[in-house]
*Asks:* 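Input: one structure, supplied below.
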Amino acid sequence: MLKIYNTLSRQKETFQPLHEGKVNMYVCGMTVYDYCHLGHARVLVAFDLIVNYMRSQGYDVTYVRNITDIDDKILNRAAENGEPFEKLTDRFITAMHEDEAKLGVTSPSMEPRATEHLPEIIAMVENLVENGYAYAADNGDVYFAVTKFADYGKLSKKNLDELLSGARVEVADSKKDARDFALWKAAKEGEASWDSPWGPGRPGWHIECSAMSTGCLGSTFDIHGGGPDLPFPHHENEIAQSEAATGQKYVNYWMHAGAVRVDDEKMSKSLGNFFTIREILEKYHPEVVRYFLVSSHYRSSINYSEDHLLEAKAGLERFYTALRAYGDVVPLDLQALEGSENYRRFVTVMDDDFNTREAIAVMFDLARELNTQSKVDAEAAKQLAAELKGLGALFGLLQAEPESFLQAGADDAISAEQIETLIADRTQAKKDKNYARADEIRQELLAQGVVLEDSREGTKWRRE
RNA sequence: GGCGACAUAGCCAAGCGGUUAGGCAGAGGUCUGCAAAACCUUUUAGAUCGGUUCAACUCCGAUUGUCGCCUCCA
């Protein structure tokens, strides 16, 4: 039985979809004005894995992840670059898809864009105005009147008085109440805009998610996910807008990923410790990055550092070393996995709010068993290798050819050809019982990060 | 100031009221021309102070500390 931690109740709950066997899920995607960073990667990978896992357990999952392609940051950046905002957003949407593909993230079922849903957005704002939840200000902005929605603050556990007293909120003159937030923003001179009953303008942040999620999945759906900084104000405001507009409960389960920190500091642009996915992929194999992201629980914060990425690499190397002789073994499919004791353990821990760390411990136990069996029973070992690959596939890991994973190196490193030549020299030296020369070659390669491993089948090599 | 989360061995990181988490690193061993990998054995735990209990790392309370959100941010 699957249990999910629900931000709304602050506890794990047994997952009960609205419709038996069917899951409707919406995750807040990117605002596309720059390259994806590690924080985006975490959300992308966490929910990719969650969706994969639910599908493996027989759920029919409709996974919607939006693209916010109109907003202040986008307009500002486009103005800085002196280009139309669509050109900017197109570029970063393409880049995002490239990054996703490299990280092995499967595409969502639907990927709605704010600019393609203006009619629904405007209709929802009109609905809110008509029903007294929102008002048009003199300047053409439309605001949501927070005090009109009794449940405001239920997700982030804030009460309205505290929001006012703690206020770091800037009070716009046009707002009736400092806590109100914009549903619609009037266009400034020369800005991209859409016609509306309140004049030319664009959607405020939050409303696009309410309109698109409702449009794609209906008034009430099962799971809504996002990054750690979204519960307030973004998701709180989504709840207010949606529930005020539809009169229905908006979402049953709220899921939020943990934060990414860098060298123990908050990752932020002002600290200059921001890493984009593509920067990181220049240094590390995509599976190393994915493993790093998956090897902690999705809700805990993780710390990006050189050491931790190297640790992730070491962990994967253990798996790939175990699988080295089984490169051509076909991974077990779901049906075949059903019979496996390890798979049952795996499912048990994953059912407990997607405990990937514990699931990886199962995989390590399996790797040990495989290493042991490979010395005594080739057939049993092959079966275990297929099982390990099958579990790895559920995580989007262990998909590479072991030999190529272990031998992958930087562009400026010594080439495979050069290594092979030196190995041939060394093999000859060994034949001649010239062990001094053989050891010299070993040391020479080691200095270049290449480890030699002698075996009955000959000398293998890998990079450290 | 308000709300919330977390404190586990050298490092990373889980579950669990009593029975080995796991990985990396360290030590010893088997194997090897030497190594590596692998396997076996093994050393370091549960912030502090109280309480509940036959029994607490695990439950309760307090203290201290770290962090997040409250403003754009995944």
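Here is how names work: the chains are called A, B, and so on, in the same order as the sequence lines, proteins then strands, and each is numbered from 1.
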*Asks:* Of all the choices, B/rA74, B/rG33, B/rC73, which nucleotide is nearest to the side chain of A/Leu230 once you look at every atom?
*Replies:*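 Among B/rA74, B/rG33, B/rC73, the one nearest the side chain of A/Leu230 is B/rA74.
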
*Asks:* Give a yes or no on whether the ring-centroid distance for A/Tyr143 and A/Phe181 is below 6.0 angstrom.
*Replies:*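 No, ring centres 6.0 Å or more apart.
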
*Asks:* How about A/Glu111 and A/His97: does a side-chain donor come under 3.5 Å of a side-chain acceptor?
*Replies:*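 A/Glu111 vs A/His97: donor-acceptor pair found between side chains.
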
*Asks:* Record whether the side chain of A/Arg368 comes under 3.5 Å of the base of B/rC40 through a donor-acceptor pair of N or O atoms.
*Replies:*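 It does not, because no donor-acceptor pair links the side chain of A/Arg368 to the base of B/rC40 below 3.5 Å.
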
*Asks:* If I take atom CD in residue A/Glu358 and atom P in nucleotide B/rA21, what distance separates them, rounded to the nearest angstrom?
*Replies:*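 Going from A/Glu358 (CD) to B/rA21 (P), I get 11 Å.
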
*Asks:* Which one, B/rC39, B/rC69, B/rC73, comes nearest to the side chain of A/Arg318?
*Replies:*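 Ranking B/rC39, B/rC69, B/rC73 by closest atom to the A/Arg318 side chain puts B/rC39 first.
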
*Asks:* B/rA14, B/rG22, B/rC34: which one has an atom nearest the side-chain heavy atoms of A/Arg357?
*Replies:*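 Of the candidates, B/rG22 comes closest.
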
*Asks:* Judged by each residue's nearest nucleotide on RNA chain B, which is more toward the 5′ side, A/Arg462 or A/Ala438?
*Replies:*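 Going by which nucleotide is closer to the 5' end, it is A/Ala438.
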
*Asks:* Output yes if the stacking criterion (under 5.5 Å between centres, under 30° between planes) is met for A/Phe364 over the base of B/rG22, else no.
*Replies:*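 Given the distance and angle limits, no, they do not stack.
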
*Asks:* Measure the shortest side-chain to side-chain distance between A/Phe275 and A/Tyr35 over non-hydrogen atoms and say whether it is less than 4.5 angstrom.
*Replies:*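 No. Closest side-chain heavy atoms not under 4.5 Å.
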
*Asks:* Looking only at the side chain of A/Glu311 (C-beta and beyond, no hydrogens), which of the listed nucleotides B/rC12, B/rG22, B/rA74 gets closest?
*Replies:*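 Nearest listed nucleotide: B/rC12.
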
*Asks:* Using the P atom as the reference point in each nucleotide, state the distance between B/rA74 and B/rC39 in Å, no decimals.
*Replies:*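 Result for the P pair: 42 Å, nearest Å.
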
*Asks:* Kindly say whether, by distance alone, the side chain of A/Asp352 makes a donor-acceptor pair under 3.5 Å with the base of B/rG15?
*Replies:*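 Result: no qualifying N/O pair found.
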
*Asks:* So, does the side chain of A/Asp72 form a donor-acceptor pair with the base of B/rC72 at under 3.5 Å?
*Replies:*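 It does not, because no donor-acceptor pair links the side chain of A/Asp72 to the base of B/rC72 below 3.5 Å.
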
*Asks:* Below 3.5 Å, does any donor atom in the side chain of A/Arg442 face an acceptor in the base of B/rC34, or the other way round?
*Replies:*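 Such a pair is found, so the answer is yes.
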
*Asks:* Give a yes or no on this: more than 12 heavy atoms of other residues, nucleotides or ligands lie within 6.0 Å of atom NZ of A/Lys3.
*Replies:*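 No, the 6.0 Å shell around NZ holds no more than 12 heavy atoms from other groups.
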
*Asks:* Picking from B/rA37, B/rG68, B/rC73, which would you name as closest to the side chain of A/Asp229?
*Replies:*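 Taking heavy atoms from C-beta onward, the closest nucleotide is B/rC73.
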
*Asks:* Can a side chain N or O of A/Asn355 be found less than 4.0 Å away from OP1 or OP2 on B/rA14?
*Replies:*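 No, no such contact exists.
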
